[in-house]
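Input: a single structure, listed below in structure tokens.
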Amino acid sequence: MVSNFLFGNKSICFIWCGIQSCFFLTLAGAEGLLLASLAYDLYVAICYPLHYAIRINRRVCVLMIIESWVMGSINSSAHTTYALHIPYCQSRIIDHFFCDVPTILTLACVYTWIYECIVLVSTTAFLLLPFIGIACSYGHVLLAVYPMNSAEGKMKACSIHLAVGTFYYVPFVYTYVHLRFLHTPTEDKDLAVFYTILTPMLNPIVYSLRNREVMGSWRRVIQ
């Protein structure tokens, strides 16, 4: 995609379009589940600190990571395989800045309402339910830290994490849960900017530069 922007070549072959879509869905699905895992980790650390070593041990962390990537890969493979095996007879122009499955399906010759129902179920499992879990986790965290000393700083950190999660999940859910005829391609592209550009730019700041060890290392490098 960067190469297309730099050299002005806006074409992509059918197979590479499928590969791009597969990678995108794998990373998106895995990140959605990993963000939920991070919220659960914070919830246990603050609300049940004495149980943290038991609930969040090394085995649990490895399982959460593996399950996130495996489930994301399976979901991505299923969607991409379907998209590559349906007939296309309309224009070959994709009205988007990357190969997104819902956008590709607008070129299909057959009715895809059954697949749209599957997309709804998949979106609920990978995006909507994790987002609800994150919101509930941060709600419990805020209630737990509110009476504590210096709770303002902790609440600020939680609010930033929740804001970044909102920028990631809400546009995704809105795009994939809505029926195709209820939103325009321009609207889809505008929303895609949030989870493809804005959130990835904020992630290093929120999850790395707020870490004291990372900031200390960064100062040493600058000095």
[X] vs [Y] side-chain heavy atoms within contact, under 4.5 Å:
{"X": "L128", "Y": "T123", "result": "no"}
{"X": "F131", "Y": "L35", "result": "no"}
{"X": "D95", "Y": "K189", "result": "yes"}
{"X": "I74", "Y": "W69", "result": "no"}
{"X": "V60", "Y": "R55", "result": "no"}

Drop me the distance from [X]'s [atom1] to [Y]'s [atom2], to the nearest 0.5 angstrom.
{"X": "L129", "Y": "I134", "atom1": "CG", "atom2": "CD1", "result": "11.5 Å"}
{"X": "H96", "Y": "I104", "atom1": "NE2", "atom2": "CD1", "result": "10.0 Å"}
{"X": "N9", "Y": "L6", "atom1": "CG", "atom2": "CG", "result": "11.5 Å"}
{"X": "L42", "Y": "S37", "atom1": "CG", "atom2": "OG", "result": "12.5 Å"}
{"X": "L127", "Y": "I132", "atom1": "CG", "atom2": "CD1", "result": "11.0 Å"}
{"X": "C47", "Y": "L143", "atom1": "SG", "atom2": "CG", "result": "8.0 Å"}

With a 3.5 Å distance limit and no angle check, can you tell me whether [X] reaches the backbone of [Y] through a side-chain donor-acceptor pair?
{"X": "Y169", "Y": "G32", "result": "yes"}
{"X": "T81", "Y": "A78", "result": "no"}
{"X": "S76", "Y": "G72", "result": "no"}
{"X": "T196", "Y": "A192", "result": "yes"}

Name every donor-acceptor pair, under 3.5 Å, that has one atom in a side chain of residues 18-25 and the other anywhere in the protein, sequence neighbours excluded.
residue: Q20; atom: OE1; partner: C99; partner atom: N; Å: 2.7

ILVMFWY network linking [X] to [Y], side-chain heavy atoms under 4.5 angstrom:
{"X": "L27", "Y": "L191", "value": "no"}
{"X": "Y52", "Y": "Y40", "value": "yes"}
{"X": "I86", "Y": "L107", "value": "yes"}
{"X": "L34", "Y": "L38", "value": "no"}
{"X": "V101", "Y": "F14", "value": "yes"}

For L33 against A125, the heavy-atom pair lying closest together: CD2-O, 4.5 Å

More than 12 heavy atoms of other groups within 6.0 Å of I93 CD1: no

Y48-Y43 aromatic ring centre distance below 6.0 Å: yes

Sequence-distant partners of F126, ring pair (Phe, Tyr, Trp, His ring centres under 6.0 Å), two or more places apart: none

